[in-house]
Amino acid sequence: MRWFLIFIFVASISTLCQEKYVIGCENAGLFSNFYHALNHLAWCQDHPEICPVVYWDERSAYWMPNGYHGAFNVWEYYFEPVSDQPYQSDEIIHRHALNPEYFSLLDHSVTHRYAINEIIERYVKIKPDLQK
């Protein structure tokens, strides 16, 4: 019964997603792109009809032509996918910076730190082989 309820919950979440939003990267360092992705993920969280996908391609400083550990998306070299939606090559990749109201490096308030932590807890899962 418990697995059935989990399935219904997951199925209901996926039916809410009406549009995919692909989050890209720039030719910058890992944490710069990571912070950029958090900004976009915060926006996606505020729009439940949106399914985020993080797809870092050859613009990433860490991209390798043959991939890494079976992954060809640089985000997935390090982290689990943020949703069950795959990136399709014809989709628009959002590389631009979003409105700073979502995240600002200058905001050190407790509320801001909790908001960032919530995004990380929800979307960022480090790959098990890296955790070892």
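The shown structure was predicted, so the numbers you read here are calculated from the model rather than taken from an experiment.
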### Task
Examine Val53 and Tyr21 and state if one hydrophobic cluster contains both, with Ile, Leu, Val, Met, Phe, Trp and Tyr joined whenever side-chain heavy atoms are less than 4.5 Å apart.
no
### side chain to side chain contact (heavy atoms under 4.5 Å, CB included) partners for Ala28, two or more places apart
Ser32, Asn33
### Query
Partners of Ile92 by side chain to side chain contact (heavy atoms under 4.5 Å, CB included), sequence neighbours excluded?
His94
#### Entry: same_hphob_cluster(Ile50, Tyr87) at 4.5 Å side-chain heavy-atom cutoff
no
### Message
Between Phe34 and Tyr78, does the ring pair (Phe, Tyr, Trp, His ring centres under 6.0 Å) criterion hold? Intermediate values first, please.
### Response
CA-CA 11 Å; Phe34 181 78; Tyr78 309 102; over 10 Å; no
#### Entry: Nearest non-hydrogen partners of Ile23 and Leu41, listed with the distance
CD1-CD2, 3.7 Å
### Message
How long is the straight-line distance from OG1 of Thr111 back to CD1 of Ile116, given to the nearest 0.5 Å?
### Response
11.0 Å
### Message
When you group the ILVMFWY residues by side-chain heavy-atom contacts below 4.5 Å and let the links chain together, are Val22 and Trp43 in the same group?
### Response
no
### Query
If you measure from CZ on Arg95 to OH on Tyr55, what distance do you get to the nearest 0.5 Å?
9.0 Å
### Query
Mind checking what makes side chain to side chain contact (heavy atoms under 4.5 Å, CB included) contact with Asn27, not counting sequence neighbours?
Ala61
## Note on the structure
Trp56 meets the ring pair (Phe, Tyr, Trp, His ring centres under 6.0 Å) criterion, sequence neighbours left out, with Trp75
#### Entry: Heavy-atom side-chain contact between Asp57 and Cys25 under 4.5 Å
yes
## Note on the structure
Those residues at least two apart in sequence (or on a different chain) that pass salt bridge (Lys or Arg N to Asp or Glu O under 4.0 Å) with Glu91 are Lys20
#### Entry: Closest heavy-atom pair and its distance - Ser83, Pro52
OG-O, 2.7 Å
## Note on the structure
Output for pair (Tyr35 OH, Leu38 CG), nearest 0.5 Å, gives 7.5 Å
### Query
What residues, two or more places apart in sequence or in another chain, satisfy side chain to side chain donor-acceptor pair (under 3.5 Å) together with Glu58?
none
### Summary
The ring pair (Phe, Tyr, Trp, His ring centres under 6.0 Å) partners of Tyr68 (sequence neighbours excluded) come to Tyr77
### Query
Can you name the residues that form a ring pair (Phe, Tyr, Trp, His ring centres under 6.0 Å) with Tyr123, not counting sequence neighbours?
none
### Task
Write out all pairs satisfying salt bridge (Lys or Arg N to Asp or Glu O under 4.0 Å) with one or both partners inside residues 24-38, taking only residues at least two apart or from two chains.
Glu26-Arg59
#### Entry: Pairwise distance CD(Glu19) to NE2(His47) - rounded to 0.5 angstrom
10.0 Å
Can I get a per-line list of side-chain donor-acceptor pairs under 3.5 Å for residues 124-132, giving both atom names and the distance, sequence neighbours left out?
residue : atom : partner : partner atom : Å
Lys125  : NZ   : Glu121  : O            : 2.3
Lys127  : NZ   : Glu76   : O            : 3.2
Asp129  : OD2  : His69   : ND1          : 2.9
Gln131  : NE2  : Ile126  : O            : 3.1

### Message
Could you see if Ile93 belongs to whatever hydrophobic cluster contains Tyr62? Use Ile, Leu, Val, Met, Phe, Trp, Tyr and a side-chain cutoff under 4.5 Å.
### Response
no
